[in-house]
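A short write-up of the structure that comes next.
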2 protein chains.
Amino acid sequence: MEIDAAQRKVLVRDLQRGDSAWESYDQLLIATGAVPLCPDLPGSDAVDICGVNTLESGLEIRRRLDRGGMKKGVVVGGGYIGLEMAEALVRHGLEVSLVNRAPQVMGTLDHDMGALVSQALRDVGVSLYLEETLTAFETRAGKVTGVVTDRRTLPADIVILGLGVRPNTALAASAGIPLGDKGSIRVNERMQTGVAGIWAAGDCAESFHLVSRRPFHIALGTVANRHGRVAGINLGGGYATFPGVVGTAVTKICQMEVARTGLQEEELRELGIEWISAVIKSRTRAGYFPGAGEITVKVLAERGSGRLLGGQIVGMEGSAKRIDTLATALHAGFTVEEMINLDLGYAPPFSPVWDPVVIAAREVAKEL
Amino acid sequence: MEIDAAQRKVLVRDLQRGDSAWESYDQLLIATGAVPLCPDLPGSDAVDICGVNTLESGLEIRRRLDRGGMKKGVVVGGGYIGLEMAEALVRHGLEVSLVNRAPQVMGTLDHDMGALVSQALRDVGVSLYLEETLTAFETRAGKVTGVVTDRRTLPADIVILGLGVRPNTALAASAGIPLGDKGSIRVNERMQTGVAGIWAAGDCAESFHLVSRRPFHIALGTVANRHGRVAGINLGGGYATFPGVVGTAVTKICQMEVARTGLQEEELRELGIEWISAVIKSRTRAGYFPGAGEITVKVLAERGSGRLLGGQIVGMEGSAKRIDTLATALHAGFTVEEMINLDLGYAPPFSPVWDPVVIAAREVAKEL
């Protein structure tokens, strides 16, 4: 594939016939997605080292597990994919180890909140090897037998890689289309690239972060879906804009729900933004109501202004989607003081009288 | 009890000793709450006609039920209390009838959404008598035996009244304190009444409705709690304001979750506001995820401007607290167009890729 933007033509290769032809276009959409990060390390081409980036790769892992005989699984990477796969391996009866370079899993949370997730993983039987770096794979007859870190070798019948992705932008770059954050394709609010007639959407395209007020690349299905809607409307002659993201993501590891939105401490430090924060523990329902579980909420606000900067939630059933209140408040640019009187839903099966996210905002406001 | 606002004194009656004395005050808080509406109808003082307005009245109903021998329960009123009590009576094994003056239960929802709740009640075995008015009680030897409506007589071993409340403001009115919406005590944002040195908070005090931009009385624990916080801070010499409410409320009837926020059609009609709306059906989780249940969302927006005016949700587990996104958006004054790109949490255990409340907002935006 090749793009000639000046002539508004693309060279299309027919993979079945093996030939190529230049096709002309009026408007071109690049939706090349992202590619998983794969380490180029000794042994990395061995059998049973698996990435999880397509439905087919997920099914393939399941087929291998269903064949039986696998006892030890090693997951490399403590993000969403790594954690969800660790849970899946535990459920398949494997002894599971997880290797993670950072001091806690779930690097999109601050360390204090990530520590709660690390503990939840240990509680379901996952052995964590934190602050360790993958250096090689041990193999026998072309099949993986172990994962080598800078501190030990972990025996493995199957290895799952969850090392993240990078935007797939080689085609765009070769056509001279300007790139932005983390090498993603720079676009305006209508998803137009810097080259006339060419649009981009999805994991290959940049977004705008409404809290940092900076271009920002995030590879998530929700964002890609909204990109696609906006690009599609504009390509079809309509008018739509994608104002940006606030960095919301949720996941579930066994019984524990995890959610985050906005900016975390590490991002704030890099941006030079000073913050205050509070962490509170509350219950998902009225304390006396059956099924009330623990919920921990962290809220961060800008020093001085009190502007909400982000929030993180770890807790039992009913915790994760509470992040939507914080996400909507970030879109609105609310201060934590303005959040105190949010008129949220209360009834004993659903919440304490003060919703946990409001309790956290109130605690931060006290420090202003 | 009596207030002499000019002298800043209150006449306090000691209920145990039976005497009275004038006490002076610097600042006075009126927190007299609300009183349940009780019909003055033939037979209304009979035994086993029960209001539910205190913890003790709830315990008393439970004691009567636990004594056994009760077979038929009649609930009068289709609001939160009526519905929750109907569920409780069904769970205690009674044959339950519910009498409601309006065409659907849950009058804080529009009729189309209320109809879903009416059906859920029928599904758990409650017999509904809609558009019927209570006219009398049948009694024998001072004990209730039936509920008489304008169309029939329903036999009853126990009758539960859930007819709503009115602000308890006789004391305030007698002191010359100005009243407002539905006879509640008029206050400013700091919860000060119109008389110097006198404050009011809770079910007796007025709020401001941020969507209608009018004074508004609502008797809910969450609002009362926030009133109390603001009044307390101000009374203590601090500074806090209560900007107002958006009318959020949630409840649960057996498995069905019900939520509402903002203004409903009847309120909009009275205010002269014209609206457009959409009702969508979606799922509480990704369609393929175990436990995904149906959710129906209605969103209302102002004609022309597209300003969000309100929303209503009826659905299975995981539905109700989604109202918080709409409530927060109402606080922010968002249009439905602005809601389309809200960065809400998505993962298969929690939501479809497009959250149901955003799908509904998007449908309304199409009509703009």
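Just so we're on the same page: letters track the sequence lines, and every chain starts at 1. Note that this is a predicted model, so its numbers are computed, not measured.
One finds the OG atom of B:S57 at 8.0 Å from the CG atom of B:L55 (value rounded to the nearest 0.5 Å). To the nearest 0.5 Å, atoms CD1 (A:I313) and CD1 (A:I323) are separated by 4.0 Å. In this structure, CG on B:L83 lies 11.5 Å from CE on B:M256, to the nearest 0.5 angstrom. To the nearest 0.5 Å, atoms CG (A:N234) and OH (A:Y239) are separated by 7.5 Å. Separating the CD1 atom in A:I295 from the CD atom in A:E257 is a distance of 8.5 Å, to the nearest 0.5 Å. Note that OG of A:S207 and CG of A:D181 are 9.5 Å apart. Values are rounded to the nearest 0.5 Å.
The shortest side-chain heavy-atom distance between B:R283 and B:Y288 does not fall under the 4.5 Å cut-off. Within the 4.5 Å cutoff, the side chain of A:L308 has heavy atoms near those of the A:V299 side chain. With a 4.5 Å cut-off on side-chain heavy atoms, A:N53 and A:V165 do not count as touching. B:Q264 is listed as a side-chain neighbour of B:T108, based on a closest heavy-atom distance under 4.5 Å.
Using a 4.5 Å cut-off between non-hydrogen atoms, the part of residues 213-227 of chain B that approaches chain A consists of B:G221, B:T222, B:N225, B:R226. Identified by a heavy-atom distance below 4.5 Å to chain B, the contributing residues of residues 356-368 of chain A are A:R362, in residue-number order. Residues of residues 329-341 of chain A having a heavy atom under 4.5 Å from any heavy atom of chain B, listed by number: A:A329, A:H331, A:A332, A:F334, A:I340, A:N341. The stretch residues 243-252 of chain A places A:P243, A:G244, A:V245, A:V246, A:G247, A:T248, A:V250, A:T251, A:K252 near chain B, each with some heavy atom under 4.5 Å from a heavy atom of that chain.
Residue A:V124 comes nearest to A:V90 through the heavy atom pair O-CG1, 3.8 Å, listed as atom of the first residue, atom of the second, then distance. Contact between A:A201 and A:M191 at its shortest, heavy atoms only, is CA-CE, 4.1 Å. The shortest heavy-atom contact between A:A320 and A:A259 is O-CB, 3.5 Å. Taking all atoms of both residues into account, the shortest heavy-atom contact from A:A301 to A:L309 is C-CD1, 3.5 Å.
The neighbour count for A:E189 CD, taken as heavy atoms of other residues, nucleotides or ligands under 6.0 Å away, is above 12.
Ranked by heavy-atom pairs shorter than 4.5 Å toward chain A, the options B:T241, B:T325, B:L326 are led by B:T325. Residue with the most contacts toward chain A among B:L342, B:V353, B:T261: B:L342 (heavy-atom pairs, distance under 4.5 Å). Between chain B and the options A:D343, A:T328, A:V230, A:L210, heavy-atom pairs under 4.5 Å are most frequent for A:D343.
A:Q312 places no side-chain N or O within donor-acceptor distance of the main-chain N or O of A:K298, the cut-off being under 3.5 Å. A donor-acceptor pair under 3.5 Å is absent between the side-chain atoms of A:E87 and the main chain of A:E84, judged by distance alone.
Residue contact with chain A, scored on non-hydrogen atoms closer than 4.5 Å, is absent for B:R260. Only the side chain of A:S351 comes within less than 4.5 Å of a heavy atom in chain B; its backbone stays farther off. Proximity to chain A is limited to the side chain of B:E317, based on heavy atoms less than 4.5 angstrom apart.
Neither side chain, A:R322 nor A:T284, offers a donor N or O lying under 3.5 Å from an acceptor on the other.
Ion pairing between B:K321 and A:D324 fails under the 4.0 Å rule for side-chain N and carboxylate O.
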